[in-house]
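Down below is the structure, laid out as structure tokens.
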Amino acid sequence: MSAYLARRLFYSIAVVIGVSVAVFLITHQLGDPVRMMLPLEASEEQYQAARQQLGFNDPVLVQFARFSVDAVRGDFGDSLWMDAPALPLVLERLPATFLLAGTAIIIALVLAVPLGIIAALKPRSLLDHVASLTALLGLSIADFWLGLMLIFIFPVSLGLFYTSGYGTWEHLVLPAVTLAARPLGRISQIVRSSVLDELDKNYVTAARARGLSEQATLLGHALRNAAIPIVTLTGFELTRLLAGFTVVVEAVFGWPGVGLLAVDAIERQDLPLLQADVFVVAMIVVVINLLIDLLYGALDPRIRY
Amino acid sequence: MRKLAILFCVILAGALLLSVSPLMAQDSSITVAIGGDPTTLDPQAADDGNERAVNDNIYETLLTRDASMALQPLLAEGYEQIDATTWQFTLKSGISFTNGEPMNAEAVAFSINRNINPEFNSEQLSFFETITGASVVDDLTVSITTNGPDPILPARMYWLKIVPPVAAQADGFAENPVGTGPYKFVSWSRGQQIELEANAEYWGGAPSISRVVIRPIPEESTRLAALQAGEVDFVRDLIPEQIDQAPVVKHIPGLEFPIVRLNNKDGILTDVRIRQAINYAVDKEAIAEALYGGYAVVAQAQVINSSHFGFNPDVQAYPYAPDMARQLLAEAGYSGEPIQFIGEAGRWLKDRELIEVVAAMLTDVGITVDVQILEWSNYLDLLFAAENQPSMIFVANDNTLFDADRTFSGYYSCEGRVSSYCNDEVTQLINTARTETDSAARLEMYHRVVELTREDAAFLFLVNLENIYGLSERLEWEPRQDGKILFAQMTLK
């Protein structure tokens, strides 16, 4: 176990370093952050002075060395646009994104598991079709459209919840529901198919033969064995959200999350902020993947590291 | 039983009254939605409209502009030009910053020197390029020196915000603004909201609205929805399509001029007849009506409007005359050679649509247009290119200094950083005007520049966009041409 952990840790660090280096090299080939920052009327002298001061006139290797030395100490430099250290700017936004993505995943799971099970118990029944259609709808609906519709129906027409903002659970409802649509669709599909697979297996027939109730067979046996793909997918969906796919919903609902910050950073070529953001996201992905691997062991005692 | 019911009603009514009346008395607080979080709250660092929406209410400048955009003293009592390169400003006495620091000559000189310090590297530097320094004459007199005669100096002082020297040198100034203005900074949660409260000791009298919450809502539809749902009282930058749905709409010609730069230095557009044909071929009225829902006015063949010094009221836009365009093209011997037209998307209101409409109108008169919509940084490379400049490139200019020099030096002059137009007579006029201190003579030169560049079709002149604001039913406010949102000028009904 500890050897496994050590190995995983090593790979994780390698991934985070690799991603950071790649982002540094790629972003330094794209466009000119100083030109983007200054007003169009800025003079050539000012432009050159700004480049010099921000260190963009140094050779890329020198810039890279400076970046590496600072990054190791957790210092990604100051955001070019925001005049403040980049890493804290990202970390400060993280709780809002965690809250939003976590709530969305919980909503998705709470709805998707029963939906998938109902569909699996009576395949090709009307209920199954309704459940599958719901899943497909959740999967294919455009989140900005769903978000705007919810805003129009609830706060604007019915006076319920808020159009935008952050702070109370009432601010959280609409963005979380919007964000839950896609994971809801995907997870319920995988619940249906993996429960269906398990129900066909011999141990289920044996359990039924032993006289176990249908409920005990389903919850105690089939669902437990179907859990691994469900956990994998849920983890993947959560990672996806935390990696910045909350951005559309954050923009629509004015949610102060990290996705919106990342998009601003990309648009403005705010390199220090972008690097800090990518570093944080890479860390999150690595940690979640590790947790999921460990969870496999808990779910299936046969898995040993 | 009946008595009980009456008693109950009385108590209920009393409770309601009690709960409502203090609320009514206190409720002079409003929520305002802007398009994004400010990048910083240091008033001298950034060139950022979201930052200004906040800091215009916290900080003040030596001079201001009244509703007709004429310069008026604010922190200054008056000013005079001592010699060609020296200006002296006398300050109002008894004004202090909300942290107690006095607003005096020292603070003003500090503010000016801070903003022009190359090490500070302000994005606003291009507003103050001519200033070489400021020094204290006495407690309420500051002298400002320029690198040459600078008739625009007063206009620059409408832009430069005065900061308190002690606070500005302390850590965290960019997150804790301190000014002399009608509002005081309370808090900033990045991405969520900024809270301001009325400055009760404001030297000009405390403002009527006691508390303002400013929220960034990036999505236009959500901003409008927030206004409709009563969550906010004021939104800026409504888009024309949304106007019917907003409770109250205010609009005013703004400063933004979308234009197409025409390259007369090399390539096919060196022929003035083709440049004129391009101007005749585009129906500006139709663009203002159809694309901007009527919330734009046709530009009078100049990239400034009547609020700018230098505007020439006698010059008219090119009429829409497609036949004239065809005739000029024929005279020029144009036979369908492709003309490169560079654009971008998403930076300015309806930029992509405008580029497409213009291209379609040019195609109608027989011009082969090669439209390329580029990603922003690639677009900027071409916009700033000194060699091989594109024949046509879309850009939008907004001149917040209200003086023609800023636009003309940048776009109309051979030496302009974003110029692909070169006409020696025009450049000569612009350079002479820049240091001409007799304002009547200066105005004359700008009028001449406008006449010449209209005749020479230096640009494809298009429209002047309006600023559109949405207000709740209870808010009263009139928009300003400079786009400043001054909460002290707002009242609740």
Side-chain angles (χ1 to χ4, degrees), chain A residues 30-33 35-47 49-50 52-54 79-84 89 92-93 96 144 147-148 151-152 154-167 171 248 250-258 260-261 263-264 267-270, chain B residues 31 33 36-42 45-48 118-119 121-127 129 174-175 189-193 215-219 221-232 245 346 375-378 380-381 383-384 395-397 399 401 406-407 409-411 416-418:
Chain A
L30 294 173
D32 182 342
R35 192 158 270 167
M36 289 210 175
M37 204 167 79
L38 296 175
L40 297 184
E41 291 85 355
S43 69
E44 187 63 28
E45 298 84 65
Q46 191 196 349
Y47 166 73
Q52 183 65 34
Q53 198 197 353
L54 293 167
S79 154
L80 299 181
W81 285 64
M82 298 205 227
D83 247 0
L89 281 173
E92 186 181 277
R93 297 287 190 102
F144 71 87
L148 288 177
I151 286 177
F152 182 72
F154 290 98
V156 174
S157 302
L158 301 174
L160 288 171
F161 311 122
Y162 292 105
T163 59
S164 53
Y166 179 75
H171 287 101
V248 174
E250 286 179 8
V252 168
F253 290 96
W255 189 264
V258 79
L260 214 47
L261 189 74
V263 167
D264 281 347
E267 257 178 19
R268 296 164 173 171
Q269 291 203 6
D270 191 335
Chain B
T31 305
D37 211 26
T39 50
T40 173
L41 287 180
D42 185 322
D47 181 31
D48 169 8
E119 273 171 37
N121 199 7
S122 167
E123 288 168 30
Q124 300 169 9
L125 210 56
S126 60
F127 290 99
E129 272 166 337
E175 281 102 43
S189 316
R190 275 189 199 266
Q192 294 175 38
Q193 63 174 48
R215 285 180 43 199
I217 306 181
E219 169 61 41
S221 312
T222 311
R223 276 208 296 278
L224 175 66
L227 183 66
Q228 288 175 304
E231 290 169 30
V232 303
Q245 298 162 51
E375 189 269 321
W376 181 246
S377 64
N378 298 336
L380 283 185
D381 285 344
L383 186 70
F384 286 114
V395 67
N397 177 247
N399 179 339
L401 215 50
R406 187 167 169 83
T407 302
S409 300
Y411 289 87
R417 200 164 128 72
V418 271

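Protein chains get the first letters and strands the later ones, always in sequence-line order, with residue 1 at the start of each.
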Closest approach of [X] and [Y], non-hydrogen atoms and distance?
| X | Y | value |
| --- | --- | --- |
| A:Leu148 | B:Ser221 | CD2-CB, 3.7 Å |
| A:Gly254 | B:Pro218 | CA-CD, 3.9 Å |
| B:Pro118 | A:Gln53 | O-OE1, 4.0 Å |

Identify which one of B:Gln192, B:Gln193, B:Arg190 satisfies the side chain to side chain contact (heavy atoms under 4.5 Å, CB included) criterion when paired with A:Pro256.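 Single side chain to side chain contact (heavy atoms under 4.5 Å, CB included) partner of A:Pro256 among B:Gln192, B:Gln193, B:Arg190: B:Gln192.
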Taking the six-membered ring of A:Tyr47, is NZ or CZ of B:Arg417 closer than 6.0 Å to its centre and within 45° of its axis? yes
For [X], is it the side chain, the backbone, both or neither that has a heavy atom under 4.5 Å from a heavy atom of chain B?
| X | value |
| --- | --- |
| A:Phe154 | neither |
| A:Ala96 | neither |
| A:Leu261 | neither |
| A:Gln269 | side chain |
| A:Glu44 | both |

Can you tell which part of [X] gets under 4.5 Å to a heavy atom of chain A, answering side chain, backbone, both or neither?
| X | value |
| --- | --- |
| B:Asp47 | side chain |
| B:Leu383 | side chain |
| B:Ser122 | backbone |
| B:Ala226 | both |
| B:Asn378 | neither |
| B:Glu123 | both |
| B:Val232 | neither |

How long is the span from the OG atom in B:Ser189 to the CZ atom in A:Arg93, to the nearest 0.5 Å?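 These two atoms lie 10.5 Å from each other.
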Could you tell me whether the side chain of A:Asp32 reaches within less than 4.5 Å of the side chain of B:Ser377, counting heavy atoms only? no
Beyond-backbone contact of A:Thr163 with B:Arg223, side-chain heavy atoms, under 4.5 angstrom: no
Chain B interface, residue from A:Gly167, A:Ala50, A:Pro33, A:Ala49 that has the most non-hydrogen pairs under 4.5 Å: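 If we count pairs closer than 4.5 Å to chain B, A:Ala50 comes out on top.
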Is the backbone N or O of A:Val252 less than 3.5 Å from a side-chain atom of B:Thr222, with the two atoms forming a donor-acceptor pair by type? yes
Check the pair A:Arg35, B:Asp381 against side chain to side chain contact (heavy atoms under 4.5 Å, CB included), reporting the backbone distance first and the verdict last. CA-CA 9 Å; A:Arg35 192 158 270 167; B:Asp381 285 344; 3.9 Å; yes
Do you know which of [options] has the most heavy-atom pairs with chain A at a distance under 4.5 angstrom?
| options | result |
| --- | --- |
| B:Asp48, B:Ile217, B:Asn121 | B:Asn121 |
| B:Thr40, B:Leu380, B:Leu227, B:Leu41 | B:Leu380 |
| B:Val395, B:Asp37, B:Val418, B:Thr39 | B:Thr39 |

Counting only heavy atoms not in B:Phe384, do more than 12 sit closer than 6.0 Å to its CZ atom? yes
Go through B:Glu231 and A:Tyr162 one step at a time and tell me if the side chain to side chain contact (heavy atoms under 4.5 Å, CB included) criterion holds. CA-CA 8 Å; B:Glu231 290 169 30; A:Tyr162 292 105; 3.6 Å; yes
